[in-house]
Protein chains: 2
Amino acid sequence: MMRIGELAAKTGVSVRALRYYEEQHLLGSERSTSGQRHYADNAVDRVLLIQQLYAAGLSSRSIVELLPCVVTGEVTPELLERLSAERDRIDRQIHMLTDTRDRLDTIITQATTTFRTGRPCD
Amino acid sequence: MMRIGELAAKTGVSVRALRYYEEQHLLGSERSTSGQRHYADNAVDRVLLIQQLYAAGLSSRSIVELLPCVVTGEVTPELLERLSAERDRIDRQIHMLTDTRDRLDTIITQATTTFRTGRPCD
DNA sequence: CTAAGAGCTGACGCTGACGTCAGAGGCAAG
DNA sequence: CTTGCCTCTGACGTCAGCGTCAGCTCTTAG
C-alpha cells in the first residue's frame, strides 16, 4: 500500500492529476482513518492505462465507461459498440497522422536535396 | 474572389474559425473598400492544410512558423529542425495510437469470441 | 517533542481553439 | 426603399485537464 506521492513518482503523473482521476471515478483508493489515500501496486498499471487512453484522445467520460471492460475483458454489446467506435476513431486518426507525417517527410527530403544540390529555388 | 461564408462552406470550417486564423496570421485576405474579406480559390487548400496541421496536434504558433515552407518548399536549417521535430512527434504519436488501437482490437476480438462461445466469464 | 515534509479539501487560474452574442453596417432582389 | 441575409468588430463564454495557492492535518525522523 503506497501513498499518493509514491504513486505519482512511479507513474510520472502529478499528485493533482491522480486526485483528479479519483474525482472522475477513474481511479479508486482506500482511505486511512485520517483520510489519506492508499493504493495497491496494480494502481500503477491502471494509471498508465488511463494516461494511454487520454493520449489516444479519449475524454474522462469515455474512459470511465470503457475502463472496466478494458481491465476485465468483460463487455456488453453496448460497450462493444462504444469500444469499436473509439477504435475506428483512433484508426482514422492514425491514417490522418500518417498522411501528415509523409507530407512533412516529403518536404524534409526535398529540402535536404536542395541543400546538397545547392539550388534552394529550383 | 469569394467571401468568408463561401470559404466556410467549401472547407467545412466555421466563419469564426476563419477569422481566428487571420488573427493568428495563418490566413491572409484582401479587403473590399467596405472592409469585407475576399479570398482567392487557393485559400480552400490552405484552410484544409491548416486543419490537417491542427489535427496533427500543432499549435497556431507552430503552424504559422511552418506554413510558409510547407507551401513553398523553401526552408532554412532552423525550420528544417522544427519540421523534423514535429515529424518525430507525429511519428511517436502514431506508434502510441497503434499500440492503443491494437489493445482495443484484442479486447474486441476476445469479446466477440466470448459471445460466439457463450462463455462471458471464462 | 518538534520540525519538516507529505497529504487533505476547496477553490480559483490557465490555455487554446474556437462559440456566441451585441450592435452596426453592407448588398442584391423585388 | 426596404427587406433579409451577409459581414464587420469587439468582447465575453466554454471546456478539459490539470497547475497553483491557502489553510489545515498527518506522519515520521531525530
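These numbers come from a predicted model, not from an experiment.
- Side-chain N/O atoms of B:R16 and base N/O atoms of C:dT20 include a donor-acceptor pair closer than 3.5 Å.
- Separating the OH atom of A:Y54 from the P atom of D:dA16 is a distance of 10 Å, rounded to the nearest angstrom.
- The separation between B:E30 atom CD and D:dT7 atom P is 17 Å, rounded to whole Å.
- There is a side-chain donor-acceptor pair under 3.5 Å between B:E22 and B:S29.
- At C:dA17, none of the side-chain N or O atoms of B:S59 fall inside 4.0 Å of OP1 or OP2 (strictly under the cut-off).
- The residue A:R3 sits close only to the backbone: its heavy atoms come under 4.0 Å of sugar-phosphate atoms, none of a base.
- The residue among A:Q24 and A:S32 whose nearest nucleotide of DNA chain D is located toward the 5' end is A:Q24.
- Toward the 5' end of DNA chain C, the nearer of the two residues B:Y20 and A:G5, judged by each one's closest nucleotide, is A:G5.
- Separating the CD atom of A:Q51 from the P atom of D:dG17 is a distance of 11 Å, rounded to the nearest angstrom.
- Inter-residue side-chain proximity for B:L97 and A:L97 is flagged as met; some heavy-atom pair is nearer than 4.5 Å.
- Rounded to a whole Å, the CD1 atom of B:I63 is 13 Å from the C1' atom of C:dC18.
- Among residue pairs with one or both ends in residues 43-68 of chain A, those qualifying as ring-ring contact (aromatic ring centres under 6.0 Å, His included) are A:Y21-A:Y54; sequence neighbours excluded.
- Atoms CG (B:L58) and C1' (C:dG16) sit 14 Å apart, rounded to a whole Å.
- Residues A:R61 and A:E65 are paired through a salt bridge, judged by an N-O separation under 4.0 Å between the basic side chain and the carboxylate.
- Remark: the A:T106 side chain and the A:T109 side chain contain no N/O donor-acceptor pair separated by less than 3.5 Å.
- Using a 4.0 Å heavy-atom cutoff across all strands shown, A:R31 reaches sugar-phosphate atoms only and no base atom.
- Within the structure, every side-chain polar atom (N or O) of A:S34 is placed at least 4.0 Å from both OP1 and OP2 of C:dG7.
- An OP1 or OP2 oxygen of D:dG19 is reached within less than 4.0 angstrom by a side-chain nitrogen or oxygen of A:S14.
- A:R61 places its CZ atom 13 Å from the P atom of D:dC15, with the value rounded to the nearest Å.
- Residue A:R37 is classed as a sugar-phosphate contact, given heavy-atom separations below 4.0 Å to backbone atoms only.
- Taking atom CD on A:Q36 and atom P on C:dG5, their separation rounds to 17 Å, with Å as the unit.
- Taking only side-chain nitrogens and oxygens, A:S60 comes nearer than 4.0 Å to OP1 or OP2 of D:dG17.
- Between the CD atom of B:E22 and the C1' atom of D:dG10 there is a distance of 15 Å, given to the nearest Å.
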